[in-house]
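Here's the structure we're looking at; comments come further down.
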There are 2 protein chains.
Amino acid sequence: MTSKYERANASDGQSRIPDIVIGRLPIYLRSLKILLSQGQTVTNSQELGDRLGISSAQIRKDLSHFGEFGKQGTGYDVAYLCKQLEKILQVDCIWPVVLVGAGNLGHALASYAGFENRGFRIVGVFDNQPDKIGTHVGSLQVEPLTQLPAHVARHHCRIAILAVPTKAAQNVANLLVEIGIKSILCYAPITLNLPEGIRVEYIDPVIHFQHMTYYLEKDCLKT
Amino acid sequence: MTSKYERANASDGQSRIPDIVIGRLPIYLRSLKILLSQGQTVTNSQELGDRLGISSAQIRKDLSHFGEFGKQGTGYDVAYLCKQLEKILQVDCIWPVVLVGAGNLGHALASYAGFENRGFRIVGVFDNQPDKIGTHVGSLQVEPLTQLPAHVARHHCRIAILAVPTKAAQNVANLLVEIGIKSILCYAPITLNLPEGIRVEYIDPVIHFQHMTYYLEKDCLKT
DNA sequence: TAGATTGTTAATCGATTAACAATC
DNA sequence: TAGATTGTTAATCGATTAACAATC
C-alpha cells in the first residue's frame, strides 16, 4: 500500500487534496463509527453512499487521495477505515479546546458530552461578565479573559470556540489569534476578518434557515 | 428591470439557479444588514467581497441570477439590496419554527434573541422527558411530544429544529415529516434518512473541528 | 466629461460521474 | 471459479474568474 498522501499545510503552497474532499471525511468517519457501534464489521462504498446521499464513486475517489483502504469484492473493514480516517484527520488523539463566552450557548457546549470520543475536550471557559466568573459550567469554572493567554499556553490550545455576543466577536477573535490560536469555530453571526493562516469555521443556524426558506412554499406569518 | 428569476421548487424539475448560489445569499444578506446597521447607505461588489473573502465577480454573478440590483459607477444601495435579498430568500416575514428537544442546547436556542429580526420565531418547545415538561425555556413552556402535531398544524409550521439525543433523532424526524414539516435543522450528529422533498441541514461542531485539525500541526494531548 | 462599477460573456478551472480493468 | 467491489481513468458537468462593453 503506497500512500500518495502528503499533508497540506501553510508552508505547502500547492495542496494536492481539495479542501472539499477533506470536508467530507468527517462525515464518512461519523457514519462509520455508527456502523461500528452497531457491530457491523464490513461495509462498501455503495452502502456508505446510500446512507449519506453521496455517490459511491465519490466516496471511492475521495478515499483514493489517501491510499487504498478496501478490498475488491469485499469492501471496507469498518474498524480499519475508521482508524485510518482518524489518522488522516489527526483525531486519533484529544485536542484541547478553549471556549470563550459563558452564555446559554457556552453552557450548552461546555456541558456537551459528545466531544471527547470524537477527539476534543473543552479545557477552559472564559467570559468577561463579572457575574459569570466563578460560576460552574459543565465540569469547569468560568474564568476571566485575563486568564486566557496563560491557559492557552499551558494547555497548548490551538482551537477555540467563539460564543460571545456579536459586538464582541471580532475583538475577542483578534485576541485569540494574538495568543496563538490557529482555528476558530465562530458562533457569532458575523464574518471575521483575520490574518492569513487562521482558519475560521462558522455556525449560524439562521443561515441554514434562510437557505431552506428559499425552497419553501410561502405561507409564513406576515410581519 | 426584467427579472429572469423563477423560483425552483419540487414541481420544477430543472432548477436554473444552483443551490450553491442560494447558499451564499444569506451570507450576503447578513453582511449587508451589518453595513445597514452601521449607517452605510452604498456598497459595491468589491467591498462586499473583501469583507466575505469572496471575489467581486462571484458576487455580481450570483446576484445576476435574480435581476439587476446595482448602478454602474456607484454600486448597490444597501437598504434596497437587503430588501431584495429578503424577498428572494422569502424572509421578508416571520417563519414559525418548532423546537424539539429541551436539553441544554434546546434551552440555548429557545433563549436566543437573534432569530426574530432575521425572519424566524420559535413558537413551541417539545420534549418527552417528564421532568422537562412544563418547565420554562425562554418565553415558552416545554410541552410533550403528543402536543406537537396539533401545534404544527395550528401555527402552519414548516420548519423544525431537531435538538434531541442522537438515538432519538431518526424517529423524531420521521414524526416531523409525518405531520407536515418540510425543513429540518438537525443538531444530532447523524445523517437522517428521509423522503425526497424534505430538506435537512446539519449543525455538528465536531465536523468543523475535524475539518480544522487536518490542517493543524499535531501537538495535541495523546490519548 | 472622466472615473467607477455594473452585468455578462467566454475561458478557465475544478469537481463529479460513469465505466471498467484489476483483483479479492 | 463466479460474483462483487475496488481504485482509477477519462468524460462530463458545473462553478469560478478575468475581462470588458455598457452606462451611471
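The chains referred to below are lettered A, B, ... by the order of the sequence lines, with proteins before strands, and numbering in each begins at 1.
Comparing A:Val21 and B:Gly70 by the nucleotide of DNA chain C that holds the closest heavy atom to each, the one mapping nearer the 5' end is B:Gly70. Nearer to the 5' terminus of DNA chain C, by closest-nucleotide assignment, is the contact made by A:Arg24 (compared with the other of A:Arg24 and A:Lys71). Nearest-nucleotide positions on DNA chain D place A:Thr74 closer to the 5' end than the other of A:Lys61 and A:Thr74.
In terms of phosphate contacts, B:Tyr76 brings a side-chain nitrogen or oxygen within less than 4.0 Å of OP1 or OP2 of C:dG7. A sub-4.0 Å separation between OP1 or OP2 of C:dA4 and a side-chain N or O of B:Gln72 is absent.
Atom CD in A:Gln58 sits about 14 Å away from atom P in D:dG14, given to the nearest Å. In this structure, the NE2 atom of A:His65 is 13 Å from the C1' atom of D:dT9, given to the nearest Å. Atom CD1 of B:Ile54 is separated from atom C1' of D:dA15 by 13 Å (rounded to the nearest Å). As rounded to whole Å, 18 Å separates atom C1' of C:dA15 from atom CZ of A:Arg16. Regarding A:Gln46, its CD atom lies at a distance of 13 Å from the C1' atom of C:dA18, rounded to whole Å. B:Ile17 has its CD1 atom 15 Å from the P atom of D:dG14, to the nearest Å. In this structure, the CG atom of B:Leu63 is 16 Å from the P atom of C:dT5, given to the nearest Å. When the P atom of C:dT8 is taken as reference, atom CG of B:Asp62 falls 13 Å away, rounded to whole Å.
Nearest nucleotide to the B:Pro18 side chain, out of D:dT5, D:dA15, D:dT17: D:dA15. Closest approach to the A:Ser64 side chain among C:dT8, D:dG7, D:dA15 is made by D:dG7 (side chain taken as heavy atoms from C-beta onward). Comparing D:dG7, D:dA15, D:dC20 against the side chain of A:Arg60 picks out D:dG7 as the nearest. For A:Asn44, the listed nucleotide lying nearest its side chain is D:dT5; candidates were C:dT17, C:dT6, D:dT5. For A:Glu68, whose side chain is taken as the heavy atoms from C-beta onward, the closest listed nucleotide among D:dG7, C:dT8, D:dT16 is D:dG7.
At a cut-off of 3.5 Å, with distance as the only test, no side-chain donor of A:Ser31 or A:Arg51 sits close to an acceptor on the other residue. There is no side-chain donor-acceptor pair under 3.5 Å between A:Arg16 and A:His65. For the 3.5 Å distance criterion, the side chains of A:Gln40 and A:Glu47 qualify, holding a donor opposite an acceptor. Residues B:Gln46 and B:Asp50 have side chains that bring a donor and an acceptor to within less than 3.5 angstrom of each other.
Nucleotide D:dT23 has C:dA4 as its partner under the Watson-Crick or G-U criteria, with both atom distances under 3.5 Å. The partner of D:dA18 is C:dT9, by the rule that a Watson-Crick or G-U pair needs both atom distances under 3.5 Å.
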Quiz item: B:Arg60 and B:Glu68: salt bridge (charged side-chain N to carboxylate O under 4.0 Å, His left out), yes or no, with the steps?
Solution: CA-CA 9 Å; B:Arg60 294 199 302 278; B:Glu68 305 187 351; over 6 Å; no

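B:Ser45 comes within 4.0 angstrom of sugar-phosphate atoms only, judged by non-hydrogen atoms across all strands, and of no base.
The aromatic rings of A:Phe66 and B:Tyr214 lie perpendicular to each other, with more than 60° between the two planes, well past the 30° mark.
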